[in-house]
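Working notes for the structure below.
Index from 1, following the sequence. In this text the structure is predicted, and so the values were computed from the model without any measurement.
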Amino acid sequence: MTARTGGNAEDTDFDVDEVLALVRDPNGRTPAHGHGSGPASGSGDAVPSPGGPGTRHDQHADTHRATAWAEARAIAARAARSGGRRAPVSVRIEDALGLTLAAPLTALTDLPSFDTSAMDGWAVAGPGPWDVRDEGVLAGHGEPARLTDGEAVRIATGARIPSDTTAVLRSEHGRTDDKGRLHAGRDLQHGQDIRPRGQECRSGDQLVPLGTLVTPAVLGLAAAAGYDTLTVVPAPRVEVLVLGDELLTEGLPRDGLIRDALGPMLPSWLRALGADVIAVRRIGDDAKALHKAVTGSAADLIVTTGGTASGPVDHVHPTLDRIGAELLVDGVEVRPGHPMLLARTKENQHLVGLPGNPLAAVSGLLTLAEPLLRTLAARPAPEPYTMPIQDAVHGHPYDTRLIPVVLRGDHAVALHYNGPAMLRGIAAADALVVVPPGGSRAGEELELLDLPWAFAGIGVCFT
């Protein structure tokens, strides 16, 4: 199995393209914008299918040109760069989790900023035994009185070290005699259990570079280094438009109506991909309402559910035509999720049209929305990684398949219930496996797409 890691950028001026360009693999190549050009591939560049880019085999051609799966992901990543620079913002450190640093994190002070005790015990001066002062030294207090040779004072972890201290004697290593004098139970080295000023960093040191994802550990480091706010790339604003008159928001399915699974699922999933979901609107099958919602949206990305095919109430394509949107991807050679689309609706705004079937929508989310959001948020592309599939997997004759899997040791195990309308498989999954056209044999190395919550969580929304 080949593990994947993220990267960091190093510069002082913020630009999304600069941040991403600085995130490189060990060979100096910029990582792929997608998860590869096919299973076990590390390239996100366009890979032409037979007959030229974006085409399907003639005998299976649709009324429009579907795009190869890897190329669709690359297009989505490139599309996010079309708007150029995104202005950085300053946020409180508690609001920076999951965002990308738009400036290096530089130490504002020495860490620690004074000599501190690393253990509970006694601060001692010179060789022992030592006379022990009555008063102790606690953390959070001012500079204590200087010690003289042969003198010791009780000290707490994190407390400031008195001047002329030789070492800290741990509580478990010291004993007092009947005269109250302190003796060491083992040899004591000069400076033992003292954290000297500047041991971790000096003021002005770069702690983490531009382009670093703000994790809980980065937040802790920023706070320790004296930061109240951080300069970050703002989260892309996303508006979700749920289409379909057949959808219920509560209760059991009835009278030809079904429960809406995407309305509850997509906002959290989008947040896990780094988005700021500013609205979720239920439009139904209403062309006028859809037009009004799209033209009135201030989001960086509009995500629609359903309505991307050519049925009598599929209004997404007509709406995009009406507003003069630029259709960047119109169908993808992937199952489930073939009738997904990506359009540029206006400068600095895109629309991802997801199919209405739940697992097909997940496929569209990871194919088009994930690379676009990742690029807008200036997050580095994850390194592609592969794992052997335990059993043979049936594939589509001409299209890529995305199938939920669980990871068991050094193998991926494909899950049942992987039809376009099913969520049972993905709900139990650790990842999606990328199955090439024609399927795969048992033991074949296949590329995996991680789910955002597979390893850790900001809530449940962090990768």
Looking at [Y], is its backbone amide N or carbonyl O close enough to the side chain of [X] to form a donor-acceptor pair, meaning the two atoms are under 3.5 Å apart?
{"X": "S113", "Y": "T109", "value": "no"}
{"X": "D120", "Y": "T157", "value": "yes"}
{"X": "H317", "Y": "S310", "value": "no"}
{"X": "H338", "Y": "V332", "value": "yes"}
{"X": "Q349", "Y": "A299", "value": "yes"}
{"X": "S297", "Y": "A293", "value": "no"}
{"X": "T100", "Y": "A377", "value": "yes"}

Requested in this report: State whether R379 and E370 are salt-bridged, where the test is any N-O pair (Lys NZ or Arg NE/NH1/NH2 against Asp/Glu carboxylate O) under 4.0 Å.
Outcome: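 Not counted as a salt bridge, because no side-chain N and carboxylate O are separated by less than 4.0 Å.
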Query raised in the report: Is it true that R237 and D276 have a side-chain N and a carboxylate O under 4.0 angstrom from each other?
Result: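 No, no charged N to carboxylate O under 4.0 Å.
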Interatomic spacing from [atom1] in [X] to [atom2] in [Y] - rounded to 0.5 Å:
{"X": "L368", "Y": "L351", "atom1": "CG", "atom2": "CG", "value": "10.5 Å"}
{"X": "L342", "Y": "L327", "atom1": "CG", "atom2": "CG", "value": "8.0 Å"}
{"X": "L105", "Y": "D205", "atom1": "CG", "atom2": "CG", "value": "11.5 Å"}
{"X": "R335", "Y": "S363", "atom1": "CZ", "atom2": "OG", "value": "10.0 Å"}
{"X": "R401", "Y": "N418", "atom1": "CZ", "atom2": "CG", "value": "5.0 Å"}
{"X": "E445", "Y": "T386", "atom1": "CD", "atom2": "OG1", "value": "4.0 Å"}

Give a yes-or-no answer on whether the side chains of [X] and [Y] include a donor-acceptor pair shorter than 3.5 Å.
{"X": "T106", "Y": "Q206", "result": "no"}
{"X": "T67", "Y": "E71", "result": "no"}
{"X": "D286", "Y": "H315", "result": "no"}

Query raised in the report: Which one of I302, L328, D300 satisfies the side-chain contact (heavy atoms from CB on, under 4.5 Å) criterion with H350?
Result: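 Testing H350 for a side-chain contact (heavy atoms from CB on, under 4.5 Å) against I302, L328, D300 leaves exactly one candidate, L328.
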Query raised in the report: Of L446, L448, D430, V413, which meets side-chain contact (heavy atoms from CB on, under 4.5 Å) against V405?
Result: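 So, applying the side-chain contact (heavy atoms from CB on, under 4.5 Å) to V405 and each of L446, L448, D430, V413, only L448 qualifies.
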Do other residues, nucleotides or ligands put more than 12 heavy atoms under 6.0 Å from the [atom1] atom of [X]?
{"X": "K346", "atom1": "NZ", "result": "yes"}
{"X": "F114", "atom1": "CZ", "result": "yes"}
{"X": "R424", "atom1": "CZ", "result": "no"}

Requested in this report: For side-chain contact (heavy atoms from CB on, under 4.5 Å), just list the numbers for W69 and D399, CA-CA rounded to whole Å, side-chain angles, deciding distance to a tenth of an Å, and then say yes or no.
Outcome: CA-CA 8 Å; W69 178 74; D399 293 350; over 6 Å; no
Requested in this report: Determine, step by step, whether V362 and M265 satisfy the side-chain contact (heavy atoms from CB on, under 4.5 Å) criterion, reporting the C-alpha distance in whole Å, the side-chain angles of both residues, the deciding distance to 0.1 Å, and the verdict.
Outcome: CA-CA 10 Å; V362 169; M265 179 176 72; 3.8 Å; yes
Query raised in the report: Which atom names give the shortest non-hydrogen contact between P358 and L423, and what distance separates them?
Result: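 Closest approach of P358 to L423, heavy atoms only: CB-CG, 3.4 Å.
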Query raised in the report: Are L415 and V406 close enough that some pair of their side-chain heavy atoms sits under 4.5 Å apart?
Result: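 In contact.
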Query - Side-chain heavy atoms of L372 within contact of L301, under 4.5 Å - result: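 L372 vs L301: side chains touch.
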Report task. Can you tell me which residue pairs pass the salt bridge (Lys or Arg N to Asp or Glu O under 4.0 Å) test with a partner in residues 96-118, sequence neighbours excluded? Result ->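 For residues 96-118: D110-R197, D110-R202.
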**Report entry** side-chain contact (heavy atoms from CB on, under 4.5 Å) evaluation trace for V89 with V232
**Finding:** CA-CA 6 Å; V89 294; V232 296; 3.8 Å; yes
